[in-house]
Amino acid sequence: MFDLSTQDITYLPGVGPQRAAILNKELGIYSLHDLLYYFPYKYVDRSRLYYIHEIDGNMPYIQLKGEILSFETFGEGRQRRLVGHFSDGTGVVDLVWFQGIKFLINKYKVHQEYIIFGKPTVFNGRINIAHPDIDNASELTLSTMGLQPYYNTTEKMKRSFLNSHAIEKLTETLLSRITSPLEETLSKKILEEHHLMPLTDALRNIHFPKNPELLRKAQLRLKFEELFYVQLNILRYSKDRQRKYRGFIFSKVGNVFNTFYHDNLPFELTGAQKRVIKEIRKDVGSGRQMNRLLQGDVGSGKTLVALMSMLMAIDNGFQACMMAPTEILANQHYETVRQLLFGMDVRVGLLTGSVKGKKRQEILSGLLTGDIHVLIGTHAVIEDTVNFSSLGLVVIDEQHRFGVAQRAKLWNKNVTPPHVLVMTATPIPRTLAMTLYGDLDVSVIDELPPGRKPIETRHQFDNRRESLYAFIKKQIEEGHQVYVVYPLIKESEKMDIKNLEEGYIHICEVFPDYKICKVHGKMKATEKDEEMQRFVSGEAQIMVATTVIEVGVNVPNASVMVIENAERFGLSQLHQLRGRVGRGAEQSYCILVTNYKLTEDTRKRLEIMVRTNDGFEIAEADLKLRGPGDLEGTQQSGIAFDLKIADIARDGQLLQYVREIAQNIVDNDPESTSSENQILWNQLKKLRKTNVNWASIS
Ligand code: ADP
Ligand code: MG
């Protein structure tokens with residue numbers, strides 16, 4: 001048995017130095033192991049004909065024999081599509097085309113026998129095959145091979161004749177040289193208990209499956225393994241940390257907390273806030289280091305929970321620190337906290353990029369002497385020059401802007417790591433949270449402070465501006481304020497600023513009697529703050545802005561959020577923006593303005609926004625529509641692993657299943673000594689070595 005990962009791809013027959021260089025560069029394939037784990041993205045089955053009654057949406061590319069019963073067209077303009085209802089006597093599938101409609105209707109005759117070749121998918125409960133290949137039935141030849149694999153390749157590769165077929169040949173050569181089984185990566189017990197295919201068989205069948213059933217088994221085995229090790233890694237890591245580090249113990253609730261609770265707290269806590277504070281209290285008193293994710297929709301009152309947790313730290317002789325993603329937000333937190341603590345003997349410091357010179361020195365020394373109890377800031381607080389005398393709790397607000405590595409950095413500041421509370425208003429779907437932050441405990445504030453009316457969301461086409469403007473006018477006349485937001489996407493920043501400027505001029509023309517302010521990311525911080533302040537103070541009635549206002553800004557008097565080009569925003573982002581209104585007691589509105597022509601996906605996104613205010617429902621839908629790679633939050637933080645075959649959006653159930661298995665193993669084998677699990681611990685060690693990010697997961 002030899003280790004494929006030490007075998008250079010160069011020496012595989014058919015490769016050589018030139019092709020090896022391309023494989024290195026384009027696909028990151030360096031070893032035989034890498035090639036073996038470069039999986040096909042699709043398969044075609046030309047080996048047999050299928051019956052419509054046997055097929056479902058999980059099939060590879062397949063062949064059917066039958067006739068088109070009738071044609072129908074749907075939709076208008078770019079949405080126009082042709083549907084051919086196709087039957088073989090055992091059922092009906094819809095053949096769908098989006099292009100060449102006239103040509104197709106003429107070319108294909110109804111009630112003539114054809115061979116259809118394509119990938120079935122399920123759409124609205126019906127089986128669809130989009131843009132199928134169609135041949136006359138007389139031209140059918142069945143291939144003697146099983147399913148044929150297709151591999152993704154790049155343009156550069158194709159130019160050097162390294163196309164999918166070439167990869168297929170190389171993989172075939174490689175597999176033919178593997179004559180004895182490869183070292184198994186799952187324990188015998190797991191393989192048997194969960195009826196999984198042995199590794200070597202799975203690898204053969206993932207490339208060259210004899211039939212769809214074997215393909216499914218191979219996929220299951222490999223997905224299982226992939227998700228299992230991601231979970232085993234996180235759970236092992238968290239168990240080890242629990243064993244290694246004792247957490248600081250905040251044993252009492254003291255004066256500071258109680259004074260605040262009885263004298264300063266301006267309102268009754270919501271039930272959810274009380275519950276979460278209890279959960280936190282239990283954590284910090286347990287002797288275990290707290291790692292808690294606090295999810296709560298915008299406006300649910302997370303800041304207060306953070307503050308009260310920080311007061312617990314102070315009561316026990318510790319300092320606390322709160323980190324926000326932007327300077328504006330840090331300032332706002334600073335002001336809020338100071339107001340809430342008014343008259344109390346708690347010293348609060350602010351540290352952001354613009355705190356410089358003597359002021360900065362004062363803060364730094366105040367932290368060292370323990371003179372400052374609470375530090376609020378941006379990532380300036382994790383710079384190496386910032387040191388605390390006794391940091392007991394760190395709160396990270398809007399966590400998705402902070403990377404995993406940045407969080408880890410905080411822990412290095414102490415020998416004993418502080419308790420960590422991560423707060424986010426971007427609800428992370430359960431499956432994703434489990435994969436990303438497997439060791440975080442999760443608290444949820446699922447209740448808004450009383451008196452809030454749910455925001456009413458409407459979708460409006462941009463040719464109906466008069467009614468929109470009339471509506472805005474009415475709201476302003478009733479004393480409210482209005483946001484108008486334009487998209488800002490990095491690649492076309494210049495154009496977006498232009499959109500914003502034009503929009504601003506346009507709004508100024510439409511509303512000559514109102515004061516209008518303007519904020520975008522390219523402005524100087526001081527200028528931005530000034531404009532923002534004009535809106536916060538109520539001097540300006542309308543704020544025209546890019547998404548810089550997405551996070552944190554709190555203007556309870558604002559009742560309308562107009563989002564221009566709403567089709568260009570992701571669901572979570574729309575939800576975040578919407579959360580800027582509905583903070584007061586009045587009815588608030590969110591108006592999504594789009595062009596008339598919309599893709600199916602966009603239409604779905606907007607429908608979801610109009611239907612629900614529930615951040616979790618929206619996050620789940622976003623995950624399904626876009627996949628995890630695109631989710632806000634995973635991108636910035638850099639997902640800590642790279643899934644080759646499993647799909648977090650689709651394999652949620654499997655993830656849950658393997659997590660329980662991994663949890664059991666970690667619980668029953670706390671020292672990693674059981675001989676039956678050695679195979680697992682060895683494999684985990686290997687993966688931690690090759691996946692740089694795995695070691696820093698937290
Ligand atoms: P988020 O969870 O979005 O960070 P905030 O902490 O900014 O929400 O709170 C939103 C608003 O709700 C703030 O103005 C805050 O003072 C107010 N608030 C928080 N908790 C309560 C409560 N229990 N009752 C009434 N208002 C509350
Ligand atoms: Mg907040």
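Values reported hereafter were calculated over all heavy atoms of this structure, with side chains retained and with hydrogens, waters and symmetry mates removed. Numbers here are sequence positions counted from 1. One-based numbering, in listed order, for ligands and for the atoms of each.
With respect to Arg605 and Glu567, no salt bridge is recorded, no charged nitrogen being found less than 4.0 Å from a carboxylate O. Between Glu327 and Lys528 there is no salt bridge, since no side-chain nitrogen of the basic residue lies less than 4.0 Å from a carboxylate oxygen of the acidic one. Checked for salt-bridge contact, Arg534 and Glu530 miss the test: no charged N lies under 4.0 Å from a carboxylate O.
For ligand 1, the atoms sitting less than 4.0 Å from at least one non-hydrogen atom of Thr270 are 23 (N), numbered in the order shown with element in parentheses. In summary, the atoms of ligand 1 found under 4.0 Å from a heavy atom of Leu269, numbered by their order in the structure, are 23 (N). Of all the atoms in ligand 1, the ones that sit under 4.0 Å from a non-hydrogen atom of Asp297 are 2 (O). Here is the list of ligand 1 atoms found below 4.0 Å of a heavy atom in Glu268: 22 (C), 23 (N), 24 (N). Atoms of ligand 1 lying under 4.0 Å from any heavy atom of Thr303, numbered from 1 in the order shown and given with element: 4 (O), 5 (P), 6 (O), 7 (O).
Using a 4.0 Å cut-off between heavy atoms, Arg452 contacts ligand 1 through its side chain alone, with no backbone atom that close. Neither the backbone nor the side chain of Met423 comes within 4.0 Å of ligand 1, counting heavy atoms alone.
Looking at ligand 1, you won't find any N or O of Gly296 less than 3.5 Å from one of its N or O atoms. In terms of N/O distances under 3.5 Å, ligand 1 is not approached by Pro450.
Seen from the ring of Phe257, Arg281 does not count as a face-on cation partner, given the 6.0 Å and 45° thresholds.
The aromatic ring centroids of Phe461 and His459 lie less than 6.0 Å from each other. Aromatic rings from Tyr504 and Tyr486 are positioned such that their centres are separated by 6.0 Å or more.
Shown here are the side chain to side chain contact (heavy atoms under 4.5 Å, CB included) partners of Ala272, two or more places apart in sequence or in another chain: Thr270, Arg275, Ile445, Asp446, Glu447.
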